[in-house]
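Structure first, then comments.
Worth saying up front: this structure is predicted, and the values here are computed from it rather than measured.
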2 protein chains.
Amino acid sequence: MTHTDVTTRPAELAPCGQPDHPDCGIRDVLDRVGDKWSVLVVVELANGARRFRELERAIDGISQRMLTLTVRKMERDGLVLRTVYPTVPAQVDYRLTETGASLTHLVKALSAWSLDHRDAIAEARRAYDAEHPDNEIRRGSTPGTP
Amino acid sequence: MTHTDVTTRPAELAPCGQPDHPDCGIRDVLDRVGDKWSVLVVVELANGARRFRELERAIDGISQRMLTLTVRKMERDGLVLRTVYPTVPAQVDYRLTETGASLTHLVKALSAWSLDHRDAIAEARRAYDAEHPDNEIRRGSTPGTP
DNA sequence: CGGTATCCTCGCAGATACTG
DNA sequence: CAGTATCTGCGAGGATACCG
């Protein structure tokens with residue numbers, strides 16, 4: 001039985017975490033582009049084709065290895081197209097496929113959301129930290145606490 | 001209210017990976033909800049308030065620890081609201097805040113994207129694997145994990 | 001029920017070195 | 001330039017046990 005019933009639930013979101021329900025696809029998409037590197041590659045390539053080095057430089061902090069892995073995985077998933085030019089000092093460029101390009105969409109929405117709620121979140125954090133001074137949940141922020 | 005204009009194709013995406021550019025917020029948002037658990041919590045809470053146990057049951061595979069951590073982090077970020085009822089066998093429920101609710105939007109878009117491109121990706125994978133039988137990039141697939 | 005505290009593992013990711 | 005290969009660590013996250 002294929003539950004091809006994408007039944008576009010207007011208000012509700014299909015259950016996702018269940019093993020019996022196949023899931024709403026969230027887990028898939030997160031496994032695919034849930035890591036920051038993939039997303040940042042999409043961001044870079046959203047503005048046009050880039051060569052390996054260009055990507056490496058554009059994405060601060062990524063290691064050669066991770067870039068290779070990321071870009072390979074994305075190639076395999078059909079999100080990026082890899083083109084090798086047999087020049088002397090080998091040249092390769094990457095560009096988004098149709099499928100990959102459709103992601104820029106989501107990435108932009110994500111970016112917009114972040115920008116939109118960034119200070120609300122910062123504020124919420126401050127409030128929380130003020131009320132829970134002992135709490136050590138500080139994952140993802142407050143750098144100066146070694 | 002829909003405020004995140006997902007459909008507009010404005011211009012270019014701001015550079016993100018740079019240390020000198022502040023960044024487009026992508027890294028922030030990924031640090032915040034980039035992990036699958038957070039997203040799945042959003043998905044569950046999108047359909048209404050849930051108690052701890054309910055969340056735990058709804059999100060298959062999550063450990064108690066991770067649920068606590070995830071939900072705490074989200075509380076701190078002002079994405080979920082935690083309410084404790086001082087009943088005898090303590091009762092707590094979680095619901096999305098305004099900010100958190102604005103995420104359901106993105107999550108739905110993510111879900112839609114996944115559903116929409118799921119088989120294209122599966123196909124791309126098969127094609128890739130056929131052409132690269134030696135390659136061991138199989139990260140993100142080969143589900144057989146009990 | 002709704003957590004916290006502890007331990008322990010395994011795999012992701014960084015650094016480094018070598019090749020075509 | 002554009003990778004591949006290898007070693008290693010570190011820490012996210014699962015399992016378990018125990019409290020209010």
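- Over its length, the helix from dC1(C)-dG20(D) to dG20(C)-dC1(D) turns its helix axis by 50°, as judged from the five terminal pairs at each end, rounded to 10°.
- Distance Phe52(B) CZ to dT4(C) C1': 10 Å, rounded to the nearest Å.
- Rounded to a whole Å, the CG atom of Asp93(A) is 15 Å from the P atom of dC1(D).
- Side-chain atoms of Arg72(B) lie closest to dT4(C) of the nucleotides dG14(C), dC1(C), dT4(C).
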Under 3.5 Å, which donor-acceptor pairs link side chains of residues 62-69 of chain B to any protein atom two or more places apart or in another chain?
{"residue": "Ser63(B)", "atom": "OG", "partner": "Met66(B)", "partner atom": "N", "Å": "3.2"}
{"residue": "Thr68(B)", "atom": "OG1", "partner": "Gln64(B)", "partner atom": "O", "Å": "3.0"}

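- With dG3(C), dC1(D), dG3(D) as the candidates, the nucleotide lying closest to the side chain of Val92(A) is dG3(D).
- Looking at residues two or more places apart in sequence or on another chain, you find a ring pair (Phe, Tyr, Trp, His ring centres under 6.0 Å) between Trp113(B) and His117(B).
- Residues forming a side-chain contact (heavy atoms from CB on, under 4.5 Å) with Leu45(B) (at least two apart in sequence, or on another chain): Val41(B), Arg50(B), Leu55(B), Val80(B), Tyr94(B), Leu96(B).
- For Arg51(B), the salt bridge (Lys or Arg N to Asp or Glu O under 4.0 Å) criterion is met by no residue, not counting sequence neighbours.
- Atom CG in Leu69(A) sits roughly 14 Å away from atom C1' in dT6(D) (whole-Å rounding).
- Using a 4.0 Å heavy-atom distance criterion, Tyr94(B) is classed as a sugar-phosphate-only contact.
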Whether each nucleotide of nucleotides 15-20 of chain D has a protein heavy atom under 4.0 Å at its base (B), only at its sugar-phosphate (S) or at neither (-) is summarised, 5' to 3', as B-B---
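- The pair Lys73(A)-Asp35(A) counts as a salt bridge, with a side-chain nitrogen and a carboxylate oxygen less than 4.0 angstrom apart.
- Between Lys73(A) atom NZ and dT4(D) atom C1' there is a gap of 19 Å when expressed in whole angstrom units.
- In this structure, Gln91(A) places its CD atom 14 Å from C1' of dG3(D), rounding to the nearest Å.
- Put simply, the side chain of Thr97(A) gets close to the backbone of Gly78(A): a donor and an acceptor are under 3.5 Å apart.
- When the P atom of dG2(C) is taken as reference, atom CZ of Arg82(B) falls 10 Å away, rounded to whole Å.
- Put simply, CD1 on Ile62(A) is 15 Å from P on dC12(C), counting in whole angstrom units.
- Every residue meeting the side-chain contact (heavy atoms from CB on, under 4.5 Å) condition with Val84(A), not counting sequence neighbours, appears here in chain and number order: Arg82(A), Val92(A).
- Rounded to an integer number of Å, the gap from Leu67(B) CG to dA12(D) P is 18 Å.
- Applying the side chain to side chain donor-acceptor pair (under 3.5 Å) rule to Arg95(B) yields the partners Asp93(B); only residues at least two apart in sequence or on another chain are considered.
- In this structure Glu123(A) satisfies the salt bridge (Lys or Arg N to Asp or Glu O under 4.0 Å) test together with Arg126(A), sequence neighbours excluded.
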